[in-house]
Enquirer: 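Take a look at the following structure, please.
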Amino acid sequence: MNNNSNNTAARKSASEDFKQRIRDTKPTRWVRFIIVALLFTAWAAWLGSWWVLIFLVLLFDIYITGYIPLTWWKNSKNPVVKTVMSWVDAIVYALILVYFVFTFVGQNYAIPSSSLEKTLLVGDYLWVNKMAYGPRVPMTPVHFPLVQNRIPIIDTKSYTDWPSWKYRRLKGLGSVERGDIVVFNFPQGDTVCTKFMEESPETYYDLVKKYGRFTIKNNPQVFGEVIHMPVDRRQNYVKRAVGLPGETIEIVDDTIYIDGKAIPQPENVQHNYFFQVDGEFTEADWERLGIAVDDRFDWAVDAKTALANGFKVNADGSVPSIYVSPLTPAMRGMLAADPRVKSVAKASSMPIPLFPEEFSTGWTVANYGPLWIPKKGATINLDEDAWKCYSRVIRNYEGHSDAYIQNGTVYIDGKPAKDYTFEMDYYFMMGDNRDNSSDSRFWGFVPEDHIVGKPWRVLVSFDKDKGLFSGKIRWNRVFKSANPDKEAFAETANR
């Protein structure tokens with residue numbers, strides 16, 4: 001009887017305590033809880049995972065009942081404890097908010113290279129809209145929200161490999177369209193040397209070709225550690241989508257053809273040109289043309305070589321200055337109107353190793369393809385040529401890492417396969433600085449699970465070649481559209 005009475009009293013006491021906590025809750029706390037609960041429920045619906053609503057119980061306790069003493073430090077008599085914990089509390093809340101915003105809404109991104117000049121400039125800081133194509137559910141959900149893959153200074157991973165979730169994308173505002181500028185994870189960044197992790201033409205695979213796997217593995221002081229990168233932790237790249245799933249892309253004399261039809265060039269597209277000037281170009285001349293310091297190159301040649309390439313030679317045998325730089329059509333027009341400029345000539349492109357390397361013999365950046373872009377649900381016959389073009393897709397992106405070809409027969413998951421059906425959509429990305437862009441021509445297709453988002457606005461822009469009081473901040477680019485060519489590009493494409 002005594003035990004039963006004690007249990008009854010305990011239950012009654014707990015019930016009365018719960019009711020008292022409810023009664024003591026201020027109306028403002030109820031309002032805050034209801035707003036947060038509605039937002040959390042909407043997020044769960046968008047996520048498509050109703051099981052996460054179990055955390056409403058935790059939110060109810062945080063805002064209403066307060067059984068979990070999360071704010072114990074507020075009652076502390078030690079001022080140091082109160083001060084330190086107030087900062088910890090603020091930082092934790094800020095990090096949680098940043099995590100959700102950066103994961104599901106958007107985040108800032110810096111342009112590190114000139115591959116999209118003059119559309120986007122080195123030093124532009126963009127706001128990337130992740131809702132444009134639908135945000136990905138994090139594949140590495142436990143990560144530090146302010147860095148991509150490694151924490152600076154201490155040089156360690158910013159994420160944990162466990163838990164690891166399969167690729168899933170939430171419903172977005174649209175899909176990738178031709179002409180979109182897209183931020184994505186670098187597909188060939190699946191394996192990296194930790195000392196070669198910035199955007200660079202030299203990937204791990206390039207280093208292997210140059211030095212060999214054994215050399216890389218046994219020289220960590222030079223190359224760093226060799227690690228596999230989860231998809232969403234791979235380096236961020238930004239390029240323009242020119243080829244969509246299921247299309248055939250071909251480049252002929254720098255003109256892009258999709259399914260046999262030429263598509264328009266962005267207004268700011270650039271190619272490398274030689275131009276000869278009677279006299280030296282001044283800093284003011286370079287500034288007037290808008291050519292960055294890193295894009296100014298001299299071509300020092302003798303009279304014989306100059307004449308052989310169609311350039312002028314002075315009567316005394318000297319060669320007027322010859323430069324090579326990436327130029328837009330407008331920049332070429334400015335040079336043509338300058339009386340000091342003797343000639344402007346397109347720099348020719350030579351056959352170099354391009355994607356897919358075993359299939360692209362004789363291709364150049366100016367004359368490339370034709371190449372079909374994989375589409376989800378499409379089926380291809382697996383002959384030797386198809387294997388050369390799509391083996392990386394099958395092995396590295398679609399999870400059949402043991403696939404191989406032997407005596408003309410492709411084996412997938414240990415079985416001979418005469419055909420293959422793709423599980424994802426793929427895209428062909430290129431930079432607007434066409435002759436100076438590491439893009440799909442070099443490393444292949446961008447799988448849909450690598451797509452991060454769509455740049456919306458330039459938040460701020462810094463010119464690395466100028467001082468703080470001499471034009472460091474490009475005020476004319478603040479809050480400018482990140483893709484001013486898109487509307488004209490789409491209008492022309494639909495004609």
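Counting begins at 1 with the first residue of the sequence.
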Enquirer: Under 4.5 Å between any side-chain heavy atoms of Ser343 and Phe275, yes or no?
Expert: no

Enquirer: Salt-bridged, Arg434 to Asp254, with N to O below 4.0 Å?
Expert: no

Enquirer: Strictly below 4.0 Å, N to O, side chains only: are Asp338 and Arg288 in salt-bridge contact?
Expert: yes

Enquirer: Going by atom types alone, do Asp253 and Thr255 pair a side-chain donor with an acceptor below 3.5 Å?
Expert: no

Enquirer: Using distance alone, with no hydrogens and no angle criterion, decide if Ser401 and Arg395 have a side-chain donor and acceptor under 3.5 Å apart.
Expert: no

Enquirer: Using a strict threshold of under 4.0 Å (side-chain N to carboxylate O), is an ion pair present between Arg136 and Asp449?
Expert: no

Enquirer: Apply salt bridge (Lys or Arg N to Asp or Glu O under 4.0 Å) to Glu225 and Lys217, showing your working.
Expert: CA-CA 8 Å; Glu225 183 185 359; Lys217 182 179 179 181; over 6 Å; no

Enquirer: Strictly by modelled atom types, are Thr282 and Asp285 linked by a side-chain donor-acceptor pair under 3.5 Å?
Expert: yes

Enquirer: With a 4.5 Å limit on heavy-atom distance, are the side chains of Tyr167 and Val137 in contact?
Expert: no

Enquirer: Relative to the ring of Trp372, is the ring of Phe422 parallel (under 30°), tilted (30 to 60°) or perpendicular (over 60°)?
Expert: tilted

Enquirer: Which of parallel (below 30°), tilted (30 to 60°) and perpendicular (above 60°) describes Phe184 and Trp443?
Expert: tilted

Enquirer: Do you see a donor-acceptor pair shorter than 3.5 Å between the side chains of Arg213 and Asn218?
Expert: no

Enquirer: Under a 4.0 Å threshold between the charged nitrogen and the carboxylate oxygen, would Lys209 count as salt-bridged to Glu357?
Expert: yes

Enquirer: Can you tell if the side chain of Tyr323 reaches within under 4.5 Å of the side chain of Val277, non-hydrogen atoms only?
Expert: yes

Enquirer: Run the salt-bridge test on Arg169 and Glu448 with the 4.0 Å N-O cut-off and return the result as yes or no.
Expert: no

Enquirer: Mind checking whether Trp299 and Phe311 have parallel, tilted or perpendicular rings, split at 30° and 60°?
Expert: perpendicular

Enquirer: Classify the ring geometry of Tyr390 against Phe445: parallel below 30°, tilted from 30° to 60°, perpendicular beyond 60°.
Expert: parallel

Enquirer: Please tell me if the side chains of Lys454 and Val183 come closer than 4.5 Å, counting only heavy atoms from C-beta onward.
Expert: no

Enquirer: Sequence neighbours excluded, which residues qualify as ring-ring contact (aromatic ring centres under 6.0 Å, His included) partners of Trp43?
Expert: Phe40, Phe100, Phe104

